[in-house]
Asker: 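Take a look at this one; I'll ask things after.
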Amino acid sequence: MIKNTTPLSQRSASAPFLKQLGGVLTVAALTLAAGYAQATDWDMPTPYGDSNFHTVNISQFTDDVRDATNGELDITVHSSGSLIKHQEIKNSVRRGLVPIGELIMSRLANEDPLFEVDSVPYLASDYDQAWKLWQASRDVLSKRLEGQRLKLLFAVPWPPQGIYTQFAVETGEELKGVKMRAYNKSSEQLAELLGALPTQVEVPDIPTAFGTGRVDAMITSPSTGANTRAWDYLTHFNHAQLWLPKNMVVVNVKAFNSLPEETRKALEDAAEAAEKRGWEASKAETEAKIKIMQDNGIEVSEPSPQLVKHLKEIGEAMTEEWLGRAGEDGQALLEAYSKQ
Ligand code: PCA
């Protein structure tokens with residue numbers, strides 16, 4: 001958990017001053033007298049570990065908000081699903097149990113296929129395409145979330161998704177019958193179409209899932225591979241670059257609207273900066289983490305032409321299937337994407 005390190009003295013009145021006044025005035029009265037509203041403390045659940053670049057970016061975001069509001073809005077990050085489990089974060093923010101939180105967008109695929117558009121294989125598999133897809137999908141996704149009283153503050157992609165195994169993957173046929181860890185609907189579907197046996201496992205549970213033999217392979221980024229020390233239980237990483245799924249930060253609309261106008265503006269400005277910084281960090285992360293894996297003995301390879309062919313066929317089938325579920329709105333989104 002990332003602790004709030006801002007001293008109370010920066011958030012309200014200073015302690016010596018309080019003493020001089022002999023405790024006649026309360027802290028609240030003092031802060032009001034000094035022209036500040038009382039500090040608002042927010043708890044923010046996030047699903048991934050402290051060292052993950054998304055969490056580091058969010059921590060910077062909360063520091064920026066604290067600085068820009070002179071401590072008036074003080075957000076404490078609770079990482080690794082420690083306060084609220086990943087699967088509960090969206091509904092917890094929606095119901096106002098917590099005012100703000102982070103989750104992977106494609107986790108909402110079951111309620112609405114549009115949230116899964118960033119995880120359709122080969123639809124947007126590099127940063128340029130992923131950015132275009134985000135520009136084409138941001139408004140429609142924001143509107144859907146608004147309907148649930150959620151405000152989308154920013155979204156940042158993971159590095160491109162590849163395949164981790166205990167053997168070399170040449171054609172994809174090798175994955176038949178292999179127990180494969182998945183984290184959203186499309187990684188599960190892809191595993192099934194490869195003939196593998198998918199199991200959903202959250203990132204903090206990856207080492208145990210491999211250690212106990214629940215899974216023997218996974219689809220994820222170089223980032224998550226390195227963060228979970230993939231070399232302890234896997235030997236190969238195929239940099240197949242299937243898709244770039246995004247994490248998003250959402251805030252409860254009622255909690256947002258209860259903030260003073262300048263604070264809302266500070267939050268939005270910090271969110272805009274976090275989105276830019278996050279996209280850059282994600283790009284840098286790809287190579288840095290591939291290198292860490294190589295240094296630790298993981299054999300990293302590019303996909304063979306046969307594997308690309310196999311994965312692209314599966315990708316086309318999944319795109320069709322996705323369009324069937326996403327209907328006219330999905331079609332409109334893909335058209336907007338092709339015009340970017
Ligand atoms: N890491 C997260 C989501 C995608 C990624 O690269 C995970 O594996 O669950």
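Every number for a ligand or one of its atoms is a count from 1 in the order of the listing.
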Asker: Where the closest heavy atom to atom 1 (N) of ligand 1 is concerned, which of N184, T224, I219 has it?
Answerer: T224
Asker: Treating T69 as the side-chain partner and V65 as the backbone partner, does any N or O pair qualify as donor plus acceptor under 3.5 Å?
Answerer: yes
Asker: If you measure from the Lys or Arg side-chain nitrogens to the Asp or Glu carboxylate oxygens, is any gap between K85 and E202 under 4.0 Å?
Answerer: no
Asker: Over all heavy atoms of both residues, which pair between S119 and N184 is shortest? Give the atoms and the distance, please.
Answerer: OG-ND2, 3.3 Å
Asker: Look at atom 5 (C) of ligand 1 and say which protein heavy atom is nearest, naming residue and atom and giving the distance to 0.1 Å.
Answerer: T220 OG1, 3.2 Å
Asker: At what distance is the nearest protein heavy atom to atom 6 (O) of ligand 1, and which residue and atom is it?
Answerer: S221 OG, 2.5 Å
Asker: Can any side-chain N or O of Y337 pair as donor or acceptor with the backbone N or O of L123 at less than 3.5 Å?
Answerer: yes
Asker: Tell me, please: is R181 in heavy-atom contact with ligand 1, that is, under 4.0 Å?
Answerer: yes
Asker: Quick one: which of Q161, H54, H86 has a heavy atom closest to atom 4 (C) of ligand 1?
Answerer: Q161
Asker: If you apply the rule side-chain contact (heavy atoms from CB on, under 4.5 Å), what do you find for T199 with V215, and how did you get there?
Answerer: CA-CA 7 Å; T199 304; V215 293; 4.0 Å; yes
Asker: In terms of ring plane angle, is the pair H86 and Y48 parallel, tilted or perpendicular, where the classes change at 30° and 60°?
Answerer: perpendicular
Asker: Between I104 and ligand 1, find which residue part has any heavy-atom pair under 4.0 Å and reply side chain, backbone, both or neither.
Answerer: side chain
Asker: What atoms of ligand 1 come within less than 4.0 Å of a heavy atom belonging to V203?
Answerer: 2 (C), 7 (C), 8 (O), 9 (O)
